[in-house]
Amino acid sequence: MKSVVHCIRRAILTYFLSVIMYSSLSGQIIGLDLLNKSGFAEVPFKIEQGFIIVEVWLNGIIPLKMIFDTGAENTILFDKEIAQILGIQFERQIPIIGSDLDSILIANIARNVMTRLAGCNTVTRDIIVLQDNTLLLKEKLGTEINGIIGGSYFSNLVMEINYRKNKIRFTHPSKFKPPKKGYYIYNLDVVSNKPYVKGKISISGEQKKRINLLVDTGASLPFLIHTNTDSTLHLPERVMVGNVGFGLSGAIYGYRGKSKVFELGDLNFNEIVTSFQDLLFEQVEEISLIRNGIIGNTLLSRFNVMIDYTREILYLKPQRKYNKDFSFDKSGITIFAVGPQLNQYYVVAVIQGSPADLAGVRPGDLIIKVGRKKSKRLTLQRITEKFTKKEGKRIKLTLKRGEDEIVTSFYLKEWFNVSDLQSKSTNYSN
C-alpha cells in the first residue's frame, strides 16, 4: 500500500514540475519568485552559537539578522517595535505554540510585507510579529537576533546548504540535477513546509527503534528525542539535568545524555550526545505521529545538505569524520551576555554538583576574566566554547560578586560518567 501511495505522490509531483517548468522563473509561485532568470540564487550566512544567521531586509529599509530555520513553517519577527518603525500594518492577532509545544504566545499577522533575503529577489510575504518579545535571545546567544525565516518562505525549491563555504543555494526544481557521487539519499515527508526523515535509535543498547525526525536547522544541538512520544523511548542511565536549548517560549528544559547508536540509513553515530525532552502539549498523541525528535544544526553542519522540497528527497554528503564526538558543556554554567555591546557576562544558572558549583560559582556572578583574558574582549561564543574542551581542562575564572572579587578554578568533567546526576537539579536566578 505504501509503495502505491508513493507512486501516486511521485506522479503528482512530476505533473506539478512539468507545469512550473514553463512558468516564469520570477513568477508568483512562492519560492520560485526568489530566483534570478537563470533559476538560481545564493544566500551568504554566518554560523553564530550553532545557528545559521542570514540578513533580511523588510520594506527595503534596514538589514535584520534572522535564523534560517527549516524546522519552522512561518517567518517570524520578534520585535513589534521594529515592525511599527517600518510601517508594517497588522491584520489580526493569533495564538502560536512555543518551541516546547506547550506555551501559547500572542502574535500579529502582517500581510504582503516586502522582504529581501540577501542574494535573492525582493518578494512579498506574510509574516508573524510577536506581540511581546520576552525571548532574551540576544542575551542568551550574545548576538542580536531579530527573527526566523521559516520553510514557507523558500518552499517549492531545491535548497543546498554548504557549511564549508557558508552559502545556501536555491535552485528551480526544473533546473536541478541530482548529485551522482558522494551523497546518501533519503525519502522525506514534507508537512507544513517542514522536512521529516526516518532514522533508528538504540538509547541503551536495546533493539533499534524506528523514529521520525524533523530536519531542523533552527535547533543548535546535534540530536533530540521526545521521550514521551513512544513508550519504548526512555532516558539513558546517566544524564545531566538542565536546559537543552532556547526557543520561542524561552529555555527548553530536559536532560542531556548519550544514546548508544543513532542510524540514518547507512550513516552511523555511536555514543551520540542526545538531548531528551518530554512534550507537554495536551495532544502528544497527535504530535507523536509527526515526530519523535529532531536532527539539529550541529549534526547537519557535518554534511553538505540538499533538500528537494518538491520531490521530497534529502541528500547528505558527509564531511571527513562526520561521526566524531560532539562537544558539550562540561562546566555546569549557563551565561547571559548583557550591556550595550553584549560584552558583560553574568552567570544565570549553575548545576548542583557540577565543577563550577563545587568551585563556588553562583548565579548572579559577573565574569571579569577567563584565564588571563578580560571577558569584555571575548564573545559569549568564545567563552562557552572554552567550557566544551576536553575533560580535565582547567578553567580559571575571575568573578565579581557584589563588591567582592573572587578568583576560582575548576576542571572540566564529562557528566555522563556520574551516576547520580538524575537526582540533581539546576539553580536558576530570576
Side-chain angles (χ1 to χ4, degrees), residues 16 19-20 23-36 41 43 45 51-99 101 103-135 137 144-157 159 168 170 172-173 190-195 214 216-218 247-249 290 307 309-310:
F16 172 72
V19 172
I20 64 175
S23 67
S24 170
L25 294 180
S26 59
Q28 296 303 310
I29 296 177
I30 290 180
L32 304 188
D33 54 0
L34 298 173
L35 308 179
N36 57 34
V43 179
F45 68 84
F51 293 100
I52 295 175
I53 306 298
V54 295
E55 286 194 336
V56 181
W57 281 258
L58 297 183
N59 284 350
I61 298 177
I62 55 174
L64 302 176
K65 294 174 68 173
M66 304 184 82
I67 296 172
F68 186 82
D69 191 352
T70 59
E73 179 180 4
N74 299 301
T75 295
I76 301 174
L77 181 64
F78 296 152
D79 298 296
K80 184 180 177 183
E81 288 184 4
I82 291 178
Q84 292 171 329
I85 291 171
L86 296 176
I88 295 173
Q89 301 295 315
F90 306 136
E91 180 180 277
R92 60 189 174 91
Q93 284 191 343
I94 59 168
I96 61 174
I97 300 173
S99 302
L101 301 177
S103 305
I104 302 296
L105 306 175
I106 302 300
N108 305 277
I109 293 180
R111 302 290 187 189
N112 298 317
V113 178
M114 188 171 66
T115 70
R116 183 170 71 84
L117 177 60
C120 298
N121 290 332
T122 299
V123 298
T124 59
R125 291 288 189 270
D126 295 345
I127 67 171
I128 292 174
V129 182
L130 296 186
Q131 178 69 17
D132 297 300
N133 183 9
T134 59
L135 305 180
L137 271 185
E144 189 74 41
I145 301 293
N146 304 112
I148 291 171
I149 291 288
S152 62
Y153 192 94
F154 46 85
S155 59
N156 302 316
L157 295 171
M159 177 195 71
I168 301 166
F170 294 125
H172 192 291
V190 178
V191 181
S192 300
N193 296 304
K194 295 183 287 187
L214 175 64
D216 189 358
T217 61
L248 287 183
S249 51
I290 300 175
I307 298 177
Y309 280 90
T310 57

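Hydrogens, waters and symmetry mates are skipped; everything else that's a heavy atom, side chains included, is used. Computed from a predicted model, the values in this text were never measured in an experiment.
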Taken in chain and number order and not counting sequence neighbours, the residues that satisfy side chain to side chain contact (heavy atoms under 4.5 Å, CB included) with N59 are I61, L86, I88, V113, M114

Residue set satisfying side chain to side chain contact (heavy atoms under 4.5 Å, CB included) with Q93, at least two apart, ordered chain then number -> I106, N108, Q131

Can you confirm whether Q89 is buried at CD, in the sense that more than 12 heavy atoms of other residues, nucleotides or ligands lie under 6.0 Å from that atom? no

Can a donor-acceptor pair be found, under 3.5 Å and without considering hydrogens, that links the side chain of [X] to the backbone of [Y]?
| X | Y | result |
| --- | --- | --- |
| N193 | E73 | no |
| R111 | D126 | no |
| D216 | G218 | yes |

Is the shortest side-chain heavy-atom distance between [X] and [Y] below 4.5 Å?
| X | Y | value |
| --- | --- | --- |
| L34 | N121 | no |
| L77 | L58 | yes |
| I128 | I94 | yes |
| L64 | I62 | yes |
| I145 | F78 | yes |
| C120 | V43 | yes |
| T115 | T122 | no |
| M66 | T75 | yes |

List for me each residue that meets ring pair (Phe, Tyr, Trp, His ring centres under 6.0 Å) alongside F154, sequence neighbours excluded, and say none if there are none. F68, F170, Y309

Check R125 with D33, please: is the shortest side-chain N to carboxylate O separation under 4.0 Å? yes

Quick one: pull up [atom1] in [X] and [atom2] in [Y] and give me the separation to the nearest 0.5 Å.
| X | Y | atom1 | atom2 | result |
| --- | --- | --- | --- | --- |
| S155 | I29 | OG | CD1 | 10.0 Å |
| I148 | I76 | CD1 | CD1 | 4.5 Å |
| T70 | I149 | OG1 | CD1 | 13.0 Å |
| L130 | K80 | CG | NZ | 11.0 Å |

Test of understanding: with side chain to side chain donor-acceptor pair (under 3.5 Å), list the residues that count as partners of K65, not counting sequence neighbours. E48, T143

Once side chain to side chain donor-acceptor pair (under 3.5 Å) is applied, do any residues pair with D79, and if so which ones, sequence neighbours excluded? N133

Which atom names give the shortest non-hydrogen contact between M159 and I168, and what distance separates them? CG-CG2, 3.8 Å

Nearest heavy-atom approach of P195 to I307 is CG-CD1, 4.0 Å

Where do N146 and I82 land on the side-chain contact (heavy atoms from CB on, under 4.5 Å) test, with the steps shown first? CA-CA 9 Å; N146 304 112; I82 291 178; 3.7 Å; yes

As a quick check of understanding, evaluate side-chain contact (heavy atoms from CB on, under 4.5 Å) for V123 and Y153, giving each step before the final call. CA-CA 10 Å; V123 298; Y153 192 94; 3.6 Å; yes

Salt bridge (Lys or Arg N to Asp or Glu O under 4.0 Å) partners for R116, two or more places apart: none

